[in-house]
Amino acid sequence: MLELQHPDIIGDMATRLENVITAYHDTPGAVIPVLRECQNIVGYLPVELIDYISVGLNLSKSEVLGVATFYSLFSLTPKGRHTIRACLGTACYVKGGKEVMNRIKQTYKVEEGGTTEDRRFSLEAVRCLGACGLAPVMVVDQDTHGKVSPDRIVEILEQYE
Amino acid sequence: MANPRLQLMLCTGTGCLASGSKEFQTALEEEIKKQGLEGEVKIIETGCNGFCAVGPVMLVQPEGIFYQKLTPKDAPLLVEEHFLKGRPVEKLLYVEPASKETIPTMNEIPFFSNQKFWVMRNKGAIDPESIDEYIARDGYFGMAKALNEMTAEEIIQEVKDSGLRGRGGAGFPTGLKWQFASKADSDIKYVLCNADEGDPGAFMDRSILEADPHAVIEGMIIAAKAINASKGYIYCRTEYPMAIQRLTLAIKNAREYGLLGEDILQSGFNFDIEIYQGAGAFVCGEETALMRSIEGKRGMPRPRPPFPANKGLWERPTVLNNVETLANISQIILNGASWFSSIGTESSKGTKVFALSGDVNNIGLVEVPMGITLKQMIFEIGGGIPKKRKFKAVQLGGPSGGCVPEQHLDTPVDYEAIARVGAIMGSGGVIVMDENTCMVDMARFFMDFIQDESCGKCPPCREGTKRLLEILNKICEGNGEPGDIEALEELSLRIKESALCGLGQTAPNPVLSTLRYFKDEYIAHVYEKRCPAKRCVALLKFKVDPEKCHKCGLCYQACPVGAISWEKKQPAVIDREKCIQCLSCYEACRFDAID
Ligand SMILES: Cc1cc2nc3c(=O)[nH]c(=O)nc-3n(C[C@H](O)[C@H](O)[C@H](O)COP(=O)(O)O)c2cc1C
Ligand code: FES
């Protein structure tokens with residue numbers, strides 16, 4: 001097995017990653033669950049980790065990279081301490097989701113898909129969180145916030161350090 | 001606690017959770033303990049009740065009293081007045097907005113009384129994490145009948161006779177699909193459940209899974225028996241963590257009860273289910289892409305034939321059905337095809353669940369008998385348009401669908417009738433739009449979505465939709481030119497004809513349907529450089545018309561950056577230097593006085 005060395009892979013992460021690979025080694029079509037679990041451990045998927053996974057699952061690097069770049073869940077770059085998922089699904093859009101999004105961008109100087117310079121927030125636009133009744137909807141880490149307005153969103157985000 | 005006097009069915013669906021139902025629950029539990037009522041009243045956490053707009057909601061059974069907009073502060077009063085003294089707390093009951101009448105019981109609230117609960121028969125009525133409660137309401141009886149008393153042919157015939165059509169969008173007859181797969185020759189077959197719910201603005205599948213996960217599992221087992229499959233997957237969006245958690249538990253409990261796995265109910269039939277989590281790609285809702293994704297590949301569609309009924313997952317015969325389709329099955333088997341087909345129109349039977357959202361008062365999930373009109377759904381059940389604004393259009397079917405304007409609101413809920421007016425039944429997303437919605441901007445919104453989600457495999461979809469988006473962006477930014485509208489039309493038709501999968505073939509629909517009914521808005525944007533709905537920032541002047549201004553100061557209060565100056569009896573003035581073009585003032589003005 002390849003030696004896994006990366007500044008963001010610390011503590012027991014390497015062992016946990018190895019366990020994931022071992023668990024799925026013989027399962028056909030396991031790339032997506034493996035990428036998911038590895039990303040859960042490290043927070044994102046550095047290229048070295050992609051190499052490690054491809055060797056571990058006996059696949060070509062381009063195959064694994066191809067899957068990792070196809071699905072929007074996977075990120076090859078590090079994330080901020082908090083992830084803001086701003087819904088721009090139809091219901092939220094009609095209810096002013098775009099204005100909320102713009103306010104976040106202006107206030108925190110961050111682009112869609114980007115991370116603030118101090119790594120406090122990553123901002124993602126998502127399409128429908130299945131909570132349209134509360135549009136516009138915003139998920140910060142695991143917390144769902146409904147009926148947010150441009151003013152309220154800043155208030156909400158200030159609670160996340 | 002054997003028999004509680006009162007059951008408190010507290011909604012902990014996604015909507016109510018976000019409105020604070022957990023906080024309320026904690027306060028309520030404490031209060032119940034304080035008053036020593038633990039043995040008498042019991043809180044049951046239910047899945048989505050449907051009436052998300054007034055959440056958190058709670059139904060008190062057996063009385064049927066419906067409480068809404070609950071906060072932790074309300075707990076002491078509720079316990080003291082209602083649970084102890086038996087007097088419902090009036091200020092927490094539902095008030096009908098139009099008549100201002102207080103309606104204490106759920107069944108009398110128009111939002112509920114005009115619906116028909118078949119698929120959602122258990123929503124809010126059982127604890128979705130309890131298999132016993134599901135069984136107590138005839139759960140797994142349909143499956144028992146299918147496994148022990150019926151042949152595969154009889155099951156297929158029953159489903160065919162019922163007239164059930166796929167609820168995932170295309171409306172293909174479910175029984176026929178099963179028949180194809182049952183005839184395919186193979187020792188390994190699969191039954192898949194499509195819980196990818198990609199249409200942005202639809203959340204019924206999520207709610208069904210959260211409120212009644214066993215119904216979907218039961219439907220899958222019956223499908224498996226019909227085609228003789230031994231393995232199933234539920235492909236669920238990763239954005240739905242609670243649905244995944246409840247499904248996982250439901251599968252575990254069903255196995256423990258011998259209702260899933262080897263030799264189910266000693267019938268000799270084996271079937272097991274695994275959950276597969278998606279990873280965020282809209283196109284994976286398409287059947288062939290979904291199967292590729294389970295195989296661990298990039299989720300790109302492939303041309304059909306061969307159809308999945310012959311060559312699906314891992315090249316084996318496969319049936320893929322939508323969550324809502326499957327949730328209908330056990331009831332059809334149990335009550336019979338003629339029971340099911342007694343409701344609906346000639347070609348569309350049973351009920352359909354819709355996710356009502358946008359500019360409508362009663363936002364939430366509704367289940368209606370096929371055949372009622374869109375008007376009834378939006379105005380009787382949905383309670384009409386808020387803020388005294390006018391209805392403009394309703395969008396059905398999401399990015400593959402179209403909009404229906406006022407003159408067609410009498411269209412019934414029926415696959416063919418909706419298609420005739422240029423929309424699709426789709427998976428059930430219904431977005432109501434008021435007069436302040438710009439239809440060109442809506443078309444642009446959907447095209448932006450499609451561009452993001454196109455898998456890039458076929459050029460018409462990849463390049464064609466990019467071109468459509470460029471033109472729409474240009475128009476919304478005030479740079480539209482003569483010829484643009486014609487180019488949109490022509491390009492749309494070409495993409496429809498030549499794209500590889502359903503995503504591309506239906507992608508131009510939002511453009512075509514807005515062009516069909518709202519061409520005047522396109523013309524205003526292109527030739528008059530004007531956005532009639534006042535949504536397209538580049539076409540707005542951000543200037544108060546002193547003639548129209550009522551000097552009320554609402555815009556002044558709404559402006560987040562202090563860019564508006566106003567004094568009593570003076571018209572407001574916007575400082576363009578400070579203005580961040582957030583449109584708050586346009587939203588606030590009641591007199592259309594800002595240009
Ligand atoms: C681009 C695209 C996305 C789709 N997304 C979904 C989806 O999210 N959920 C769904 O049930 N069907 C979706 N479908 C339809 C499926 O391909 C398939 O027809 C359906 O799941 C079959 O089940 P049914 O017959 O029970 O409706 C989609 C189709 C296309 C072309
Ligand atoms: S559109 Fe935002 S939650 Fe559905």
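Below, chains carry the letters A, B, ... as their sequence lines are ordered, and counting in each starts from 1. Predicted, not measured: the structure shown is a model, and the values here were computed from it.
- Of all the listed residues (I32(A), V139(A), V126(A)), the one sharing the greatest number of non-hydrogen pairs under 4.5 Å with chain B is I32(A).
- Among the candidates F446(B), F445(B), F449(B), the single residue satisfying the ring pair (Phe, Tyr, Trp, His ring centres under 6.0 Å) test with Y93(A) is F445(B).
- Side-chain atoms of K123(B) come within 3.5 Å of backbone N or O of N49(B) as a donor-acceptor pair.
- Looking at I294(B), the atoms closer than 4.5 Å to chain A (heavy atoms on both sides) all sit in the backbone: N, CA, C or O.
- Using cut-offs of 30° and 60° on the angle between ring planes, the pair Y276(B) and Y235(B) is parallel.
- Judged by distance alone, the side chain of N509(B) and the main-chain N or O of G402(B) form no donor-acceptor pair under 3.5 Å.
- Between the side chain of R120(A) and the backbone N or O of Y160(A), at least one donor-acceptor pair lies under 3.5 Å.
- Using a cut-off of 4.0 Å between Lys/Arg side-chain N and Asp/Glu carboxylate O, E37(A) and R16(A) are scored as not salt-bridged.
- At a 4.5 Å heavy-atom cutoff, the contact between A53(B) and chain A is made by backbone atoms alone.
- In this structure, chain A has no heavy atom under 4.5 Å from any part of C48(B).
- Proximity to chain A involves both the backbone and the side chain of D448(B), based on heavy atoms less than 4.5 angstrom apart.
- Residue contact with chain A, scored on non-hydrogen atoms closer than 4.5 Å, involves the backbone and the side chain of Q277(B) alike.
- A donor-acceptor pair is defined here as one N or O able to donate and one able to accept, closer than 3.5 Å; no such pair exists between the side chain of S454(B) and the backbone of I450(B).
- Of all residues spanning residues 63-72 of chain A, those with a heavy atom less than 4.5 Å away from chain B's heavy atoms are G66(A), V67(A), T69(A), F70(A), Y71(A), S72(A), arranged by number.
- The choice from R535(B), M204(B), Q395(B) that makes the most heavy-atom pairs within less than 4.5 Å of chain A is R535(B).
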Note to self: Using the rule given for salt bridge (Lys or Arg N to Asp or Glu O under 4.0 Å), can you reason through E124(A) versus K79(A), listing the C-alpha separation, both sets of side-chain angles and the distance that settles it, and then say yes or no?
What the structure shows: CA-CA 11 Å; E124(A) 287 170 23; K79(A) 292 267 169 186; 2.8 Å; yes

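- Contacts between residues 140-156 of chain A and chain B, counted as heavy-atom pairs separated by less than 4.5 Å, involve T144(A), K147(A), D151(A).
- Only the side chain of V283(B) comes within contact range of chain A, with at least one heavy atom under 4.5 Å from a heavy atom of that chain.
- In this structure, the side chain of H82(A) engages the main chain of E161(A) through a donor-acceptor pair within 3.5 Å.
- Side chain of T116(A) to main chain of F121(A): a donor-acceptor pair is present (N/O by atom type, distance under 3.5 Å, no hydrogens or angles).
- Distance alone, capped at 3.5 Å, is enough to place a donor-acceptor pair between the E324(B) side chain and the V353(B) backbone.
- Residue contact with chain A, scored on non-hydrogen atoms closer than 4.5 Å, involves the backbone and the side chain of S293(B) alike.
- A side-chain donor-acceptor contact under 3.5 Å links Q451(B) to the backbone of R462(B).
- Contact count against chain A (heavy-atom pairs under 4.5 Å) is highest for D441(B) among N436(B), D441(B), V360(B), N362(B).
- For R36(A) and T238(B), the side-chain atoms include at least one donor-acceptor pair closer than 3.5 Å.
- Comment: D359(B) does not engage R389(B) in a salt bridge, judged by the lack of any side-chain N to carboxylate O separation of less than 4.0 angstrom.
- With a threshold of 4.5 angstrom between heavy atoms, R206(B) approaches chain A through side-chain atoms but not through N, CA, C or O.
- In this structure a side-chain-to-backbone donor-acceptor pair under 3.5 Å is missing from E99(A) to C582(B).
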